[in-house]
Asks: 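Structure provided below as structure tokens; questions to follow.
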Number of protein chains: 2
Amino acid sequence: MDNLDRGIIDLLRQNARASYGDIGGSVGLSASAVKRRVDRLVADGVIRGFTIQVDPTVDGYNTEAYVELFCRGTVAPDELLRILSGVPEVVDAGTVTGSADAIVHMRARSIPALEDALERVRIAPNVDHTRSAIVLSRLIHRTHD
Amino acid sequence: MDNLDRGIIDLLRQNARASYGDIGGSVGLSASAVKRRVDRLVADGVIRGFTIQVDPTVDGYNTEAYVELFCRGTVAPDELLRILSGVPEVVDAGTVTGSADAIVHMRARSIPALEDALERVRIAPNVDHTRSAIVLSRLIHRTHD
DNA sequence: GTTGAAATCAATCGTAT
DNA sequence: ATACGATTGATTTCAAC
């Protein structure tokens, strides 16, 4: 993982379909040297996958919320993970400092679908209550992963 | 935007480097028909870009926070967008319902770097104060974009 | 949307550093 | 151990249908 790898990663972040030749031209390597490094980065798990960024308003998943989770007593991160894994509307979640135990970013196709997903989160044994902030307008979506 | 387009998008989400021929084999089109559709989806802004998913722990960006933004008076989404665009640590942001004006998801290389980025957000004219929740452990990272 | 041809690229190997 | 250069097969691309 040297500066060459970082350069390759930066270029792939901007365009995951760039040819190895083009990448090599930018970082100063031959196409095959670049391919070898990319293969290694994928094998090592540094590059987790190649994907596209899709306009969320187009595929219908344009109803979002940030939800604070308040649990009873102490809750192990593993347990929260188990609960949240079962709800596909959960895009992103982490335990946090502050009064809430976790913050959950959810995305659904509609308000009813969001409410339904929220219900599935809330029904979990140790969840005491939640506080949701519905997203009115999306400002930034720098999805570098 | 029909079911064929949706199928193509789903396949590209899983592997943005899949060949047009392979995609065509899955959705029942020729390679050139697939390319034509992908080109159109990109031109129409449905596909915003081709990127890679990078292990955040490897490239060092493993310090995250959810930040609530409280502004003075009314703040136009456009203005918030302008402020936040200048801070690369902002991964994701949206205006929300509730007492906060916006929620900002940030990612930095360290706590000092996060603090510095937060300072750049706070310095903006209409930002009154912020409330941050530092992420302790990441639970879910379903990066469908 | 399809086919087919030409240009480009990917993947592999031997070789050099 | 890593990069390079050339070759072969696959893929992209663009034309005409």
Side-chain angles (χ1 to χ4, degrees), chain A residues 1-62 109 141-145, chain B residues 1-62 88 91 107 109-110 141-145:
Chain A
M1 188 64 186
D2 56 12
N3 281 334
L4 254 43
D5 286 335
R6 265 181 279 274
I8 291 169
I9 285 173
D10 283 348
L11 289 166
L12 283 174
R13 267 214 257 252
Q14 288 163 48
N15 177 17
R17 299 200 75 144
S19 75
Y20 295 130
D22 285 352
I23 295 167
S26 295
V27 301
L29 285 176
S30 69
S32 39
V34 172
K35 180 189 174 350
R36 267 237 280 242
R37 279 170 180 267
V38 171
D39 286 348
R40 199 197 64 231
L41 289 167
V42 171
D44 291 355
V46 176
I47 294 175
R48 289 192 173 159
F50 297 82
T51 80
I52 53 173
Q53 296 160 254
V54 179
D55 183 344
T57 64
V58 169
D59 70 351
Y61 282 87
N62 52 5
R109 302 193 92 107
H141 207 148
R142 231 172 249 142
T143 172
H144 42 59
D145 37 12
Chain B
M1 189 64 187
D2 56 11
N3 282 334
L4 254 40
D5 286 335
R6 265 181 280 275
I8 291 168
I9 285 172
D10 283 347
L11 290 166
L12 283 174
R13 267 215 257 255
Q14 289 164 47
N15 177 18
R17 302 201 75 154
S19 74
Y20 294 131
D22 285 352
I23 295 167
S26 296
V27 300
L29 284 177
S30 68
S32 27
V34 172
K35 179 189 177 338
R36 265 227 288 250
R37 278 169 180 267
V38 171
D39 286 347
R40 199 199 65 232
L41 288 167
V42 170
D44 291 355
V46 177
I47 294 175
R48 291 193 171 159
F50 297 82
T51 66
I52 52 173
Q53 297 159 253
V54 178
D55 184 344
T57 64
V58 169
D59 69 351
Y61 284 87
N62 50 7
V91 172
R107 183 179 296 151
R109 301 192 92 107
S110 62
H141 207 146
R142 231 174 249 140
T143 171
H144 43 56
D145 39 9

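Just so you know, these numbers come straight off a predicted model, no measurement behind them. Order of the sequence lines sets the chain letters (A, B, ...), proteins ahead of strands, with each chain counted from 1.
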Asks: Once each nucleotide of nucleotides 1-6 of chain C is scored for protein heavy atoms under 4.0 Å, what B/S/- sequence comes out, 5' to 3'?
Replies: BBBB--
Asks: Considering only residues two or more places apart or on different chains, which pairs with a residue in residues 28-42 of chain B satisfy salt bridge (Lys or Arg N to Asp or Glu O under 4.0 Å)?
Replies: B:Asp2-B:Arg37, B:Asp5-B:Arg37, B:Asp5-B:Arg40, B:Lys35-B:Asp39, B:Arg40-B:Asp44
Asks: Among all residues two or more places apart in sequence or in another chain, which pass the side chain to side chain donor-acceptor pair (under 3.5 Å) test with A:Thr57?
Replies: A:Asp55
Asks: How long is the gap from CD1 on A:Ile8 to CD1 on A:Ile47, to the nearest 0.5 Å?
Replies: 8.0 Å
Asks: Bend across the helix from C:dG1-D:dC17 to C:dT17-D:dA1, to 10°, with axes taken over 5 pairs at each end?
Replies: 30°
Asks: Can you pull the side-chain hydrogen bond (donor to acceptor under 3.5 Å, both in side chains) pairs that have at least one residue in residues 25-34 of chain B, sequence neighbours excluded?
Replies: none
Asks: Can you list the residues that meet the side-chain contact (heavy atoms from CB on, under 4.5 Å) rule with B:Ala18, with sequence neighbours excluded?
Replies: B:Asn15, B:Ile23
Asks: Do B:Met1 and B:Leu41 have side-chain heavy atoms sitting under 4.5 Å apart?
Replies: yes
Asks: What does B:Arg17 touch in the nucleic acid at a heavy-atom separation under 4.0 angstrom: a base, only the sugar-phosphate, or nothing?
Replies: sugar-phosphate
Asks: Mind checking which nucleotides bracket the chain B contacts on DNA chain D, 5' to 3', with an atom under 4.0 Å from a heavy atom?
Replies: D:dT11 to D:dC14
Asks: Would you please confirm or rule out a distance under 4.0 Å between OP1 or OP2 of C:dA11 and any side-chain N or O of A:Tyr20?
Replies: yes
Asks: To the nearest 0.5 Å, what is the distance between CD on A:Gln53 and OG1 on B:Thr51?
Replies: 4.5 Å
Asks: Starting from the 5' end of DNA chain C, give me the residue, A:Asp22 or A:Asp39, whose nearest nucleotide shows up first.
Replies: A:Asp22
Asks: Mind checking side-chain contact (heavy atoms from CB on, under 4.5 Å) for A:Arg109 and listing every partner two or more places apart, or none if nothing turns up?
Replies: A:Tyr61
Asks: With B:Ala16, which residues qualify under side-chain contact (heavy atoms from CB on, under 4.5 Å), at least two apart?
Replies: A:Phe50, A:Ile52, B:Phe50
Asks: Answer whether the closest heavy-atom distance between the side chains of A:Val27 and A:Leu11 falls below 4.5 Å.
Replies: yes
